[in-house]
Amino acid sequence: MKTSWLLALSVAALGCGAPRGNTGDKGDEGRRGDADAIALRGASPDENTATGRFRGYAETNRIVNERLFARRDAVSISAYFEARAEDSLFFGAKPTLAALLGQYDGDGLRTEIENASPNAVNMLLWYLAFDGLSRELTVECAEGGAQPERFALADLRPDFQGSVARLCLELAAGNVADGTYRDLYQAALGVDAPATELESWTAFARGESFVGKTPRDTAQELLMAALYNPYFLLDQ
């Protein structure tokens, strides 16, 4: 699975989601159709309730920092697609690209999320964000003591950093344990997706598309595939 194919697949998957706010009664036939779709993807009705709208930039940025970093303000993922990263509640006084990824707005009594419906522009921005972030998260796989530009290695969670380092060593040796794949996947995506997603992701990781690639490129694409996943990006 090449990265460009992953981008196209995610755009299609997100674009097909039903946005929150449709309160019309689907009828028995419509509800049966929903149940059939859930069964086909291997999840129970309660296993995942993603809607087809983004969580929003601020929430996604918070989750990334909590899961992968030791500090909650270690990185602003908007830094990977705009020169001025701004993660304040109101995104500063001027409009920013990050606001296109979903932000809350209201009058103090009614608050709604804006720009949360997937489209070609915000999917590209999410792609740029996670492509850049995953490349820096796997920088230790590269030779020569490279360092990330937008955060310090000391800011990473030790367990996550250990998972990445172990993956790189095993990729270089040509023999990656299932547990190594699972640990990296669980760190980034595990709590958001049904169990069938881990099976699909692991099959992708062991696929022929990575033959001849460096450990760094392989690790980066695997982490990118976990972060740039509809189960991670969509509201639950």
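Count residues from 1 along the sequence.
Residues Leu101 and Thr60 form no side-chain contact, since every pair of their non-hydrogen atoms from C-beta on lies 4.5 Å or further apart. With contacts defined as side-chain heavy-atom distances shorter than 4.5 Å, the pair Leu184/Phe160 qualifies. Using a 4.5 Å cut-off on side-chain heavy atoms (C-beta onward), Trp126 and Pro118 make no contact. The closest side-chain heavy-atom distance from Tyr80 to Asp131 is not below 4.5 Å.
A salt bridge links Asp217 with Arg135: at least one charged nitrogen is closer than 4.0 Å to a carboxylate oxygen. Look at Arg150 and Asp155 and you find no salt bridge, because none of the NZ, NE, NH1 or NH2 atoms lies under 4.0 Å from a carboxylate O.
In this structure, the separation between CD on Gln220 and CG on Leu133 is 9.5 Å, given to the nearest 0.5 Å. If you take SG on Cys141 and CG on Leu167, they are separated by 6.5 Å, rounding to the nearest 0.5 Å. Between atom CH2 of residue Trp201 and atom CZ of residue Arg182 there is a gap of 11.0 Å, rounded to the nearest 0.5 Å. Between the OH atom of Tyr57 and the CG atom of Leu97 there is a distance of 11.0 Å, given to the nearest 0.5 Å. With rounding to the nearest 0.5 Å, the separation of CG in Asn61 from CD in Glu66 is 10.5 Å. With rounding to the nearest 0.5 angstrom, the CG atom of Asp192 is 10.0 Å from the CG atom of Leu234.
A continuous path of hydrophobic side-chain contacts links Tyr127 to Val121 [ILVMFWY only; heavy atoms under 4.5 Å]. Grouping the Ile, Leu, Val, Met, Phe, Trp and Tyr side chains by contacts below 4.5 angstrom, directly or via other members, places Leu153 with Leu223.
Using cut-offs of 30° and 60° for the angle between ring planes, the Phe130 and Phe232 rings count as perpendicular.
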Take Val164 and Glu140 through the test side chain to side chain contact (heavy atoms under 4.5 Å, CB included) and record every step on the way to the result.
CA-CA 8 Å; Val164 173; Glu140 287 186 285; 5.6 Å; no

Please test Thr218 against Thr138 for side chain to side chain contact (heavy atoms under 4.5 Å, CB included), starting from the C-alpha separation and ending with a verdict.
CA-CA 9 Å; Thr218 300; Thr138 55; over 6 Å; no

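With Asn122 contributing its side chain and Ser117 its backbone, the two residues share a donor-acceptor pair below 3.5 Å. Side chain of Tyr185 to main chain of Leu198: a donor-acceptor pair is present (N/O by atom type, distance under 3.5 Å, no hydrogens or angles). Remark: the backbone N or O of Met123 is paired with a side-chain donor or acceptor of Tyr228 at under 3.5 angstrom. Although no hydrogens or angles enter the test, the distance criterion places no donor-acceptor pair under 3.5 Å between the side chain of Arg72 and the main chain of Asn65. Although no hydrogens or angles enter the test, the distance criterion places no donor-acceptor pair under 3.5 Å between the side chain of Glu136 and the main chain of Phe151.
Val139 approaches Pro148 most closely through the heavy-atom pair CG1-CD, 3.6 Å. For the residue pair Thr180 and Glu170, the shortest heavy atom distance occurs at OG1-OE1, 2.8 Å. Nearest approach of Asn115 to Ala99, heavy atoms of both residues: ND2-O, 3.1 Å. Between Leu227 and Leu233, the shortest heavy-atom distance links the atoms O-CG, 4.2 Å. What you find for Arg206 and Val176 is that their closest heavy atoms are NH2-O, 2.7 Å. For the residue pair Ala188 and Arg67, the shortest heavy atom distance occurs at O-NH1, 2.9 Å.
Within a 6.0 Å sphere centred on CZ of Arg71, other residues, nucleotides and ligands contribute more than 12 heavy atoms.
With ring centers used as reference points, Phe204 lies under 6.0 Å from Phe210.
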